[in-house]
Number of protein chains: 2
Amino acid sequence: MAQVLVVPRVRLNRDRVLQAAVGLADQAGIEALSMRRLAEELGVVPMALYKHVANKDELLDGMVEVIVAEIDPPAPDTEWKAAVRLRVLSARQMLLRHPWARSVLESRTTHTPAVLDYLESTIGMFLAGGFSADLTHHVMHALGSRMWGFTQELFDASADPARPPVDPAVQAARMQAMAERYPHILQISTAAAHDDSVVAHGCDDRFEFEFALDLLLDGFERLHVSGWSSSPVTRTA
Amino acid sequence: MAQVLVVPRVRLNRDRVLQAAVGLADQAGIEALSMRRLAEELGVVPMALYKHVANKDELLDGMVEVIVAEIDPPAPDTEWKAAVRLRVLSARQMLLRHPWARSVLESRTTHTPAVLDYLESTIGMFLAGGFSADLTHHVMHALGSRMWGFTQELFDASADPARPPVDPAVQAARMQAMAERYPHILQISTAAAHDDSVVAHGCDDRFEFEFALDLLLDGFERLHVSGWSSSPVTRTA
DNA sequence: ACCTGAACACCGTTCAAGT
DNA sequence: ACCTGAACACCGTTCAAGT
């Protein structure tokens with residue numbers, strides 16, 4: 001009759017599993033997320049998870065649902081360019097909160113409802129702005145992974161904190177070798193106004209992200225106002 | 001004295017290990033590439049590999065070296081825009097030969113010599129075209145993973161061939177449900193001139209790739225001729 | 001110098017069993 | 001209906017040993 005007392009303090013359910021998985025990935029990294037470790041975190045035996053997610057792939061899909069739902073909803077009464085810009089920058093904020101999300105989003109090919117909702121409303125912004133379905137199609141491809149807030153790191157900005165500190169003399173010698181073999185890389189590394197230090201220091205991601213995003217948005221606008229359309233003739237090449 | 005006869009038919013070396021790894025990934029997929037399976041393919045015990053690569057991470061770095069070296073060298077005596085365009089399209093050809101390369105290139109953060117050489121010569125094209133180091137810096141970020149030939153798939157073009165064929169009636173019902181819940185997605189899927197079938201059929205990747213690439217290159221050109229420079233004032237936001 | 005064998009500490013997932 | 005325990009077929013990598 002004391003049976004009720006021995007059930008787990010909180011009954012497991014799909015949402016609790018997904019939240020714990022996101023939390024674990026945030027905190028320990030995506031490579032540390034295993035079914036076994038996640039089960040341990042939830043105080044449960046590994047096989048208990050399989051009543052709530054079919055397998056690890058479905059777990060990852062569920063995690064994507066959770067984080068994509070964190071992206072701000074579309075701003076109402078906003079013209080297309082500002083609306084897309086705001087939305088994409090919101091996606092980027094989400095991505096910064098979940099560093100593992102980039103690789104997981106890229107590895108997933110299945111489209112869960114939250115992902116489809118995000119695509120649907122982003123496409124809707126261009127259509128509402130008067131873009132043809134044709135142009136919108138190509139524009140979505142061109143926007144590409146940038147629509148998820150992805151930014152390109154040319155060099156790894158954050159060195160592994162677990163790595164031993166580098167001797168300044170060694171560092172200087174390395175820079176010297178870089179300068180000889182890769183003069184152009186060194187030139188643009190030190191050129192950016194926001195970063196007068198060395199390659200290893202990384203760039204202002206936000207500036208780089210907005211630079212590329214606005215370049216694309218301006219390009220889309222130019223095509224739109226000029227009445228661009230994909231011509232079958234030029235496409236046979 | 002017959003000792004020479006019992007050594008492996010072909011002595012293992014780093015290059016043979018890397019070539020076999022690339023071949024295995026090409027043929028069986030990156031998820032099938034394990035140290036154990038690779039060793040088996042080479043007719044050797046798993047631990048034999050560790051004399052030639054330090055660990056699996058270094059194996060992946062080595063594989064990147066092999067495939068990046070396959071990208072065509074820069075075309076001589078070519079103005080920047082055509083030169084960059086040719087190079088990037090060559091990278092894309094390499095990527096099509098090695099479908100696993102995308103995820104591996106994205107997961108790597110270390111820069112091996114072949115990767116640095118590729119960056120160096122691409123940067124050199126912009127500088128030779130008269131771009132400032134400042135603009136070139138941002139342009140390289142904006143080009144982003146497209147410089148490796150990456151294209152964005154909005155929907156998974158190629159369905160898993162191992163999956164059972166879908167009943168046409170089921171397929172039609174799915175399309176109906178899609179049309180109701182995601183009308184915009186359906187609209188742009190059917191709109192592109194080159195693809196009048198359904199979402200599942202995928203797009204003309206080459207057209208989409210060149211569309212986005214040329215949009216970026218045209219944008220770069222416009223900034224260049226207008227004497228663009230990153231202003232510290234606008235960057236404090 | 002290069003390869004081997006056995007072992008360790010992990011994986012995802014199955015199956016049959018418990019309550 | 002939900003959780004458990006034992007087992008299977010894998011991983012990457014170590015260490016000490018062989019030739």
Side-chain angles (χ1 to χ4, degrees), chain A residues 1-22 24-25 27-64 100 103-104 107-108 110 160 162, chain B residues 1-22 24-25 27-64 100 103-104 107-108 110 160 162:
Chain A
M1 63 272 249
Q3 196 185 343
V4 211
L5 296 174
V6 295
V7 301
R9 289 184 306 260
V10 188
R11 189 63 156 281
L12 220 55
N13 59 42
R14 190 164 202 274
D15 202 58
R16 245 172 53 79
V17 170
L18 297 183
Q19 294 296 343
V22 168
L24 182 55
Q27 183 202 320
I30 194 68
E31 73 288 342
L33 178 76
S34 69
M35 297 299 275
R36 296 172 115 104
R37 169 104 186 249
L38 176 58
E40 195 181 12
E41 216 82 11
L42 285 162
V44 104
V45 95
M47 277 316 296
L49 302 176
Y50 286 80
K51 270 276 117 88
H52 304 101
V53 290
N55 49 41
K56 191 173 182 184
D57 254 33
E58 211 201 68
L59 176 74
L60 291 169
D61 281 341
M63 292 168 70
V64 167
W100 50 271
S103 68
V104 174
S107 71
R108 302 287 88 188
T110 62
D160 186 349
Chain B
M1 67 273 249
Q3 196 185 343
V4 212
L5 295 175
V6 293
V7 301
R9 289 185 307 261
V10 188
R11 188 66 156 279
L12 220 54
N13 58 44
R14 190 163 203 273
D15 202 58
R16 242 169 57 76
V17 170
L18 296 182
Q19 294 295 343
V22 168
L24 181 55
Q27 182 202 321
I30 194 70
E31 73 288 344
L33 178 76
S34 68
M35 297 299 274
R36 295 172 116 104
R37 169 101 187 252
L38 177 58
E40 195 181 13
E41 216 82 11
L42 285 162
V44 104
V45 95
M47 277 316 297
L49 301 177
Y50 286 78
K51 270 277 117 84
H52 303 101
V53 289
N55 49 40
K56 192 174 182 184
D57 254 33
E58 209 201 69
L59 176 74
L60 291 169
D61 281 342
M63 292 169 71
V64 167
W100 49 271
S103 67
V104 175
S107 72
R108 302 287 90 189
T110 61
D160 186 349

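Proteins get letters first, then strands, A, B, ... in listed order; numbering begins at 1 in each.
In the set dG12(C), dC11(D), dG5(D), the nucleotide with an atom closest to the side chain of Val45(A) is dG5(D). Candidate nucleotides dT13(C), dT4(D), dA7(C) were compared by shortest atom distance to the side chain of Val44(A), and dT4(D) ranks first. Closest approach to the Ala48(B) side chain among dC3(C), dG12(D), dT13(D) is made by dC3(C) (side chain taken as heavy atoms from C-beta onward). Listed candidates were dC3(D), dT13(C), dC3(C). Nearest to the side chain of Leu12(A) is dC3(D).
The shortest heavy-atom contact between Ile30(B) and Trp100(B) is CB-CB, 3.7 Å. Contact record, Ala32(B) with Ala28(B): CB-O, 3.4 Å, taken as the closest heavy-atom pair. Residue Asp61(B) comes nearest to Arg108(B) through the heavy atom pair OD1-CD, 3.0 Å, listed as atom of the first residue, atom of the second, then distance. The heavy-atom pair separating Arg11(A) from Arg16(A) by the smallest distance is O-NE, 3.4 Å.
The distance between atom NZ of Lys51(A) and atom P of dC15(C), rounded to the nearest whole Å, is 13 Å. We find that CD of Glu40(B) is positioned 12 Å from P of dG12(D), with the value rounded to whole Å. Taking atom CZ of Arg11(A) as the reference point, atom P of dC3(D) lies 6 Å away to the nearest angstrom. Atoms CG (Leu49(B)) and C1' (dC2(C)) sit 12 Å apart, rounded to a whole Å. Here dA9(C) presents its P atom at 21 Å from CD of Glu31(A), a figure rounded to the nearest Å. Here the C1' atom of nucleotide dA1(C) and the CG atom of Asn13(B) are 14 Å apart, to the nearest Å. Between the OH atom of Tyr50(B) and the C1' atom of dA6(C) there is a distance of 15 Å, given to the nearest Å. Arg37(A) has its CZ atom 12 Å from the P atom of dG12(C), to the nearest Å.
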Check your understanding: Using Watson-Crick and G-U wobble pairs whose two distances are both under 3.5 Å, how do you write the pairing of DNA chain D as dot-bracket, with | for links to another strand?
Key -> ||.|||||...|||||.||
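Taking 4.0 angstrom as the limit, Lys56(A) places a side-chain polar atom (N or O) nearer than this to OP1 or OP2 of dG12(C). Listed pair His52(B) / dC2(C) fails the phosphate criterion, with no side-chain N or O lying under 4.0 Å from OP1 or OP2.
Both Gly43(A) and Arg36(A) sit near DNA chain D, but only Gly43(A) has its closest nucleotide nearer the 5' end.
Applying the salt bridge (charged side-chain N to carboxylate O under 4.0 Å, His left out) definition to pairs two or more places apart or across chains, those involving residues 30-40 of chain B are Arg37(B)-Glu41(B).
Across all strands, Met35(A) comes closer than 4.0 Å only to sugar-phosphate atoms, never to a base (heavy-atom distances).
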**Study point:** Working for side chain to side chain contact (heavy atoms under 4.5 Å, CB included), residues Lys51(B) and Leu12(B)
**Key:** CA-CA 9 Å; Lys51(B) 270 277 117 84; Leu12(B) 220 54; over 6 Å; no
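Counting only heavy atoms from C-beta outward, the side chains of Leu42(A) and Leu38(A) approach each other to under 4.5 Å.
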